[in-house]
Every structure is written in C-alpha cells, then in structure tokens.
Peer 1: 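A single structure is presented below for examination.
Keep in mind that this is a model prediction, so the values were computed, not measured. Side chains included, hydrogens not; waters and symmetry mates left out as well; all remaining heavy atoms used.
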Amino acid sequence: MRARGSPLANRLGKALFQDRYLWLLAVPAVVYYFLFHYLPMYGLLIAFKDFSPFLGILRSPWAGFVWFEQFFTSIHFVRTVRNTLLLNFYGFFFNFTVPIIFALLLNEVHNSLFRRWVQTISYIPHFVSIVVVVGLINAMFNTENGLVNIALDRMGVETVPFLIMPGWFRPLYIGSDIWQHFGWRAIIYLAALTAIDQEQYDAAWVDGANRWQQLRFVTLPGIAPTIIILMILYVGQMMSVGFEKILLMYGPGTYETADVISTFVYRRGIAGGDYSFAAAAGLFNSVINLVLILMVNRMSRQFTGTSLW
Amino acid sequence: MNVRYQRSVAERLAEYAIALVLSVAALVTIFPILYVFSNSISGSRAILGGTVWLWPQDITWVGYQTVVKSTEVWRSYYNTLWYTSVGTALNVAITMTVAYPLSRRGFRGRSLLMFYIAFTMWFSGGIIPTFIIVRNLGLYATRWAMVLPTAAAAWNIIITRTYLQSNIDESIPESAKIDGANDLTIFFRIVVPVSSTIIAVNVLFYAVGHWNAYFPALIYLPDPDLHPLQMVLRRLLILPPEEEERMAFEAIAGVTRNRFVVIMVGTLPILAVYPFLQRYFIKGVMIGALKG
C-alpha cells in the first residue's frame with residue numbers, strides 16, 4: 001500500500017518518523033536557540049525602525065537607514081571602530097605569542113615536578129571572575145594606595161593616575177588579559193607538543209639538525225594546525241570578547257582609547273534607551289564579525305587546507 | 001623531548017635561563033592573589049601605610065568578620081548558588097540531549113541541526129534585540145533572566161557531540177535497537193551512564209560561567225535583592241565608595257581592607273575546588289582541540 005504525496009515528502013516523513021525520538025531529544029535545544037538567538041535576529045528589524053517599546057517590534061514605524069547614517073557620521077563611529085580593531089589586534093597578537101612561547105619553554109623543562117608546579121600556577125587566574133580581575137587592577141594601580149604607585153613614590157618618582165589616563169588603558173587591559181589567560185591557552189599547545197612523534201626529532205637529529213632547526217622544522221609545523229584552528233575560533237568571537245571587562249574598567253576619562261562598539265551600544269541602548277540607534281550600531285558590529293570569520297576561514301582553507309567547515 | 005646526546009655547556013645554560021624565566025612567570029601570576037590575601041588580613045596602619053608587600057602584618061580577621069556579618073554578601077551568595085545550580089542543571093540537560101542526536105551518524109537532519117546551532121556562533125542579534133526579546137518574554141526582573149538566555153552554549157554542544165562520537169560506537173545503538181530499545185531508552189540507559197566524564201566537564205565549564213557572570217544581572221535585574229555575588233563585588237570593588245564610608249581613618253582602612261576581603265571571598269570557592277577538578281577542565285580543552 002502506497003501513501004499519497006510525492007516520493008520526496010514520503011521519504012522525508014518516513015525519516016522523521018524513524019528518528020522521532022532523536023528529534024524529541026533535540027527539542028529543548030531547538031526551542032532555546034529559536035527563542036534566545038533567532039528571535040533576537042528577527043528583533044534586528046528595529047535597527048531599521050523607530051522602535052517604541054509600547055508599539056512593539058512589528059508595529060513600530062519604519063525609519064530606513066537613518067540610524068546607520070547617524071552612527072556612521074557621529075564622532076563615536078571612528079573612535080569605537082578604531083578602539084575595537086586595535087584592542088582586538090593587540091589581543092590577537094599577544095594571544096598567539098605569549099602562550100605559544102610559554103608552552104615551548106615549558107616543553108624544554110625536564111624536571112616534571114617543576115613543570116607541573118609552573119603549569120598549575122599559570123592557569124589559576126583563568127577562573128577568576130572579570131569583576132575580581134578589574135578589582136585587582138584597581139588594587140594594584142590606583143593612585144591613593146595602589147601597590148605600583150606606592151613603589152613609584154618610594155623610589156622618588158611621581159605617582160601616575162593609571163586608571164584614568166587614556167594612554168594607560170590599553171596596556172592595562174591587554175596586560176591583565178595576558179596575565180589571566182596565558183597559562184590556560186598554553187594547555188592546548190602543550191598537548192599538541194606531546195603529540196609530536198619522537199621519531200621526527202630523532203630523524204632530524206640524525207640529519208644534523210640543531211635545537212633551533214628542530215624547533216623550526218619539526219616543532220612548529222607540528223603545532224601549526226592547532227594554532228590555525230584556534231586562530232579561526234578566536235576571530236569568531238573577536239568583535240564581542242572583552243566588552244564586559246571594558247565596561248568595568250573604563251570611565252568618561254578613558255573613552256578615547258577604551259570605548260568599543262559594544263560598550264557604546266550598551267551605553268546608548270540599555271542605559272540610554274535609544275534602542276533603534278544602538279541596535280543599528282550592534283548590527284554593524286555583528287556584520288563585521290561575520291565577514292571576518294568568513295574571510296579567515298576561506299584564507300585558512302586556501303593556504304593551509306585547515307578550515308572549520 | 002628526550003635528550004639523546006651529551007648536553008653541552010651552552011645547552012645547560014639555556015636550560016637554567018628557561019627555568020628562571022618560567023619561575024618569574026609563575027611568581028608574577030600568583031603574586032597579585034597573594035598580595036590581596038595578605039592585605040585582607042593586615043592591620044589598618046599597615047594597609048594605609050602601604051607596608052604590606054607579600055606577607056601580612058599585624059594579622060587581624062576583622063575584615064572577614066565584617067564581611068561575614070553582611071546580609072548583602074550572604075544574600076548575594078545564596079543568589080549566586082541558585083543561578084549556578086539551576087543554570088548549570090539546565091545547561092547540562094539541554095547540551096546532553098541535543099549532543100546525542102548530533103553524534104549519531106545515521107541521524108538524518110544532523111547537519112541541518114548542527115548548522116542551526118553553529119550559525120549562532122557566527123552571527124547574533126546582539127545586545128539590544130536580545131534584551132528586548134527577553135523583556136517581551138516576561139523574564140525581565142525575574143531570576144529566570146539569569147539562566148534561560150544562556151541555557152546552552154554552542155561550543156559546549158560541539159565538544160560534547162565530538163566526545164560522544166568518539167566514545168560511543170555506532171554499533172551500540174544499532175544493536176540496542178535490534179533488541180527493541182528506542183532512542184530515548186538508549187540515551188537514558190546507555191549513553192548517559194557512560195558519559196560521566198563529559199558531563200563533569202560540562203558541569204564545570206557552565207558552573208564557572210554562572211559563578212562569574214555579572215552582565216545579565218546588570219541589564220536584567222533592577223532589584224538588588226536578586227543580585228548575584230559578582231554584582232555586589234562590582235559595587236564594592238569598582239564603583240566609587242559612598243561618601244559616609246570614606247571619612248575616619250579606621251573607616252578608610254576598613255573600606256580598603258574590605259575590598260581585599262571581598263576579592264578573596266569571591267575567589268576562594270573556585271580556588272578551593274580547583275585543584276581537585278583541574279583535570280576535568282583540561283580534559284574539556286583537549287576534547288575541544290580535537291575538532292572545532
């Protein structure tokens with residue numbers, strides 16, 4: 001007996017029926033992603049509307065591109081885009097140098113007890129909350145009784161108001177980021193290093209390679225795929241990462257170097273109530289993010305054969 | 001790597017240099033935490049005189065006594081425990097139930113579902129639309145705003161799927177099916193019991209995330225009674241102190257010391273469980289590195 005309908009719909013129905021319990025298991029996640037990720041994407045409509053909370057997303061009047069024009073021509077545009085890109089660029093650079101160097105150094109240590117101690121200590125700060133990390137920065141660098149300024153004072157040097165100077169924001173932000181995460185980020189590289197076949201080193205040694213040449217021709221190629229995957233993943237969260245920390249660190253005095261697109265969106269949207277304008281700025285941020293990911297993934301596939309999809 | 005030949009003098013020197021660099025790195029890493037701890041139990045004169053560098057002076061527990069007596073701290077601790085336990089339970093349930101179908105090679109619709117989830121990693125509505133939707137759903141100013149909008153993370157789903165894929169052979173569900181079990185039975189009776197490692201990994205990552213979160217509370221919770229510990233820490237550590245707190249000498253020393261104390265209070269629970277659980281954290285990183 002043959003059911004009605006096209007063969008395709010038929011096959012689809014049969015497949016759905018056969019996998020019905022697997023779909024059932026997926027229901028909570030499907031609902032969650034619909035409510036809290038896809039509905040907000042639909043909510044992006046307000047970037048093209050004059051949103052009023054009373055009228056709601058659908059009934060608010062259309063506004064075209066006015067919010068985008070307003071954002072692109074405001075003084076905040078250049079400043080927040082520059083800060084977003086610069087902080088990400090520095091973050092990217094130190095993320096892919098310090099942990100790798102740390103892992104390479106640790107890999108040269110033969111005393112396993114020392115090695116374990118250093119490694120364990122190195123990733124403790126990773127689990128400290130950003131509120132506490134910013135609290136630590138304040139405790140170390142404030143003008144009244146911060147450790148660094150006390151030290152400067154003892155040495156007869158004039159104290160520096162680090163926390164409110166635009167010029168010190170980036171070093172403090174990036175430096176504390178390295179402090180917090182270098183050990184954690186090194187874990188993956190250490191694992192990749194131990195996975196390199198010892199025979200490759202032996203072969204290199206037989207061929208007369210010295211330590212540096214072994215590093216250059218065996219070790220680095222051995223961990224390159226790991227580095228590339230991590231780079232792609234990092235780019236994927238580049239435009240958003242860190243803004244919760246900046247929100248805790250910055251103040252009107254440091255907006256010049258600290259204000260990024262996301263913090264600006266928060267200030268204007270959540271704190272200021274300019275929902276449509278802030279949503280437009282946020283959409284700009286999301287689109288740049290997507291473009292970056294697609295670019296990096298494509299470049300990586302072209303040049304190295306490693307890619308996410 | 002093993003050294004297969006006699007080490008030269010230069011190489012020995014290099015090894016000492018490396019050990020030195022690593023020791024300095026470890027000291028710099030641990031120093032701020034030791035410094036804060038020492039200050040948190042030092043006397044007022046030592047704190048304001050700035051004489052505490054590494055070891056505590058005139059040891060006193062008065063700071064901890066003050067903070068322990070604060071109802072605000074206790075209430076926020078309770079709230080944090082609530083958000084962490086309810087949130088993590090929800091996270092793990094959603095992650096496991098969806099990761100299993102995603103791990104089954106025979107599941108038609110698997111790549112569609114994977115795309116549906118992974119796409120949210122590459123593109124999002126952003127802060128404002130999410131805020132409006134959460135409010136429209138009636139979650140604003142309720143505890144649920146702290147757990148439902150972050151009920152799953154794509155990254156955790158992916159590592160869990162990878163783990164299940166490489167640890168549960170496709171032949172197991174096949175043969176269970178022949179024995180008459182359906183996919184629900186297979187999931188609850190076979191998959192969950194053998195997945196304690198990945199469940200532990202998920203519990204830890206999600207729990208640390210909830211424990212450390214302040215931003216959802218900042219935007220969704222106007223009522224301080226519902227605030228988690230991190231919001232109280234934010235007020236005490238980062239926002240400028242209220243006027244009456246900064247008058248007398250003792251008061252200033254007290255405020256400063258209490259800042260150090262609350263840093264410790266917010267961090268100690270995680271530092272205390274960390275040595276016992278670190279292998280699970282590391283395991284999570286490893287599974288994640290297998291395939292993005």
Side-chain angles (χ1 to χ4, degrees), chain A residues 15 19 21-22 25-26 28-29 32-33 35-37 39-41 43-44 46 102 105-106 108-109 118 121-122 125 127-129 131-132 134-136 138-140 145 147 150 179 183 187-188 191 198 201 205 226 229 233 236 244 248 265-266 269-270 275 278-279 282-283 285-286 290 293 308, chain B residues 1 4 18-19 21-22 25-26 29-30 32 35-36 48 50 94 97-98 100-101 104 107-109 113 116-117 120-133 149 151-152 182-184 187 208 212 214-215 219 230 233-234 237-238 256 259 263 266-267 270 274 282 285-286 289 292:
Chain A
D19 292 336
Y21 291 115
L22 291 176
L25 284 170
Y32 163 72
Y33 277 97
L35 288 179
F36 295 102
H37 292 269
L39 275 186
M41 287 182 209
L44 277 171
I46 68 166
F102 178 68
L105 289 178
L106 210 56
E108 296 292 323
V109 171
V118 170
I121 289 176
S122 75
F127 297 102
V128 172
S129 75
V131 175
V132 167
V134 177
L136 283 174
N138 291 355
M140 290 297 185
N145 47 24
L147 181 70
I150 294 173
W179 173 78
I187 295 176
I188 283 186
Q198 184 60 43
Y201 287 106
W205 164 238
T226 311
I229 286 284
L233 289 172
E244 292 187 15
L248 296 169
V265 167
Y266 166 79
I270 308 280
Y275 294 117
L283 176 56
N285 201 36
S286 296
L290 187 64
I293 294 162
L308 279 183
Chain B
M1 82 192 79
R4 307 242 147 182
I18 288 170
V21 170
L22 290 175
T29 309
I30 202 70
Y35 171 78
V36 167
L48 287 187
I94 293 183
T97 49
V98 75
Y100 174 61
R104 286 281 303 274
F107 173 44
R108 283 145 293 194
L113 187 60
Y116 177 74
I117 291 169
T120 62
M121 290 188 5
W122 317 131
F123 186 78
S124 83
I127 307 164
I128 305 297
T130 307
F131 176 77
I132 290 171
I133 296 291
N182 66 35
D183 286 311
L184 282 184
F187 175 72
V208 170
N212 286 342
Y214 84 93
F215 189 69
I219 62 176
Q230 298 299 331
L233 295 184
R234 171 177 170 271
L237 294 175
I238 292 162
T256 310
R259 291 185 165 210
I263 291 182
T267 312
I270 285 184
Y274 166 73
I282 293 176
V285 177
M286 296 310 174

Peer 1: Any chance you could measure B:L22, atom CG, to B:T29, atom OG1, to the nearest 0.5 Å?
Peer 2: 10.0 Å
Peer 1: Check the pair A:I46, B:I128 against side chain to side chain contact (heavy atoms under 4.5 Å, CB included), reporting the backbone distance first and the verdict last.
Peer 2: CA-CA 9 Å; A:I46 68 166; B:I128 305 297; 4.1 Å; yes
Peer 1: At a heavy-atom distance under 4.5 Å, which candidate from B:I263, B:V21, B:V36, B:V208 has the highest pair count against chain A?
Peer 2: B:I263
Peer 1: Which one wins on heavy-atom pair count under 4.5 Å against chain B: A:G269, A:P125, A:G282, A:A26?
Peer 2: A:A26
Peer 1: Measure the CZ-CZ distance between B:R104 and B:F187 for me, rounded to the nearest 0.5 Å.
Peer 2: 12.0 Å
Peer 1: Specify which of A:L105, A:V109, A:V132 makes the most heavy-atom pairs with chain B at under 4.5 Å.
Peer 2: A:L105
Peer 1: B:D183 vs B:F107, test: side chain to side chain contact (heavy atoms under 4.5 Å, CB included). Steps then yes/no.
Peer 2: CA-CA 11 Å; B:D183 286 311; B:F107 173 44; over 6 Å; no
Peer 1: Which atoms of B:T267 are under 4.5 Å from chain A, going by heavy atoms: the side chain, the backbone, both sets, or neither?
Peer 2: side chain
Peer 1: Do you know which of B:A26, B:G126, B:P101, B:P149 has the most heavy-atom pairs with chain A at a distance under 4.5 angstrom?
Peer 2: B:P149
Peer 1: Side chain, backbone, both or neither: which part of B:I133 has a non-hydrogen atom closer than 4.5 Å to chain A?
Peer 2: side chain
Peer 1: Which one of A:N138, A:I150, A:I121, A:L283 has the most heavy-atom pairs closer than 4.5 Å to chain B?
Peer 2: A:I121
Peer 1: Relative to chain B, which segment of A:S286 carries a heavy atom at a distance below 4.5 Å: side chain, backbone, both, or neither?
Peer 2: both
Peer 1: In terms of heavy-atom proximity below 4.5 Å to chain A, should B:Y116 be classed as side chain, backbone, both, or neither?
Peer 2: both
Peer 1: What verdict does the side chain to side chain contact (heavy atoms under 4.5 Å, CB included) test give for A:F36 and B:T130, after you've listed the backbone C-alpha separation in whole Å, the side-chain angles of each residue and the deciding distance to 0.1 Å?
Peer 2: CA-CA 7 Å; A:F36 295 102; B:T130 307; 5.6 Å; no
Peer 1: With side chain to side chain contact (heavy atoms under 4.5 Å, CB included) as the criterion, how do A:L136 and A:W179 come out once you've worked through the C-alpha distance, each side chain's angles and the decisive distance to 0.1 Å?
Peer 2: CA-CA 12 Å; A:L136 283 174; A:W179 173 78; 3.6 Å; yes
Peer 1: Side chain, backbone, both or neither: which part of B:F123 has an atom under 4.5 Å from a heavy atom of chain A?
Peer 2: both
Peer 1: What part of A:L248 lies closer than 4.5 angstrom to a heavy atom of chain B: side chain, backbone, both or neither?
Peer 2: both
Peer 1: Can you name the side chain to side chain donor-acceptor pair (under 3.5 Å) partners of A:S129, sequence neighbours left out?
Peer 2: B:Q230
Peer 1: At a 4.5 Å cut-off on heavy atoms, which part of B:F131 comes close to chain A: side chain, backbone, both, or neither?
Peer 2: side chain
Peer 1: Please classify the contact between B:L184 and chain A as side chain, backbone, both or neither, with a heavy-atom cut-off of under 4.5 Å.
Peer 2: both
Peer 1: Using the ring-ring contact (aromatic ring centres under 6.0 Å, His included) criterion, which residues pair with B:F215? Sequence neighbours excluded.
Peer 2: A:F243, A:Y266
Peer 1: Closest heavy-atom contact between A:M140 and B:P32?
Peer 2: CE-CA, 3.5 Å
Peer 1: Select one option (side chain, backbone, both, neither) describing which atoms of B:I132 are under 4.5 Å from chain A's heavy atoms.
Peer 2: side chain
Peer 1: Rounded to the nearest 0.5 Å, what separation is found between the OG atom of B:S124 and the NE2 atom of A:H37?
Peer 2: 8.5 Å
Peer 1: Less than 4.5 Å to any heavy atom of chain B: does that hold for the side chain of A:F127, its backbone, both, or neither?
Peer 2: both
Peer 1: At a heavy-atom separation under 4.5 Å, does B:L113 approach chain A through its side chain, its backbone, both, or neither?
Peer 2: side chain
Peer 1: Highest number of heavy-atom pairs under 4.5 Å with chain B: which of A:G183, A:P28, A:A191, A:A279?
Peer 2: A:A279
Peer 1: To the nearest 0.5 angstrom, please state how far the CG atom of A:L290 sits from the CE atom of B:M121.
Peer 2: 12.5 Å
Peer 1: Could you check which of A:Y33, A:Y275, A:F102 has the highest count of heavy-atom pairs closer than 4.5 Å to chain B?
Peer 2: A:Y33
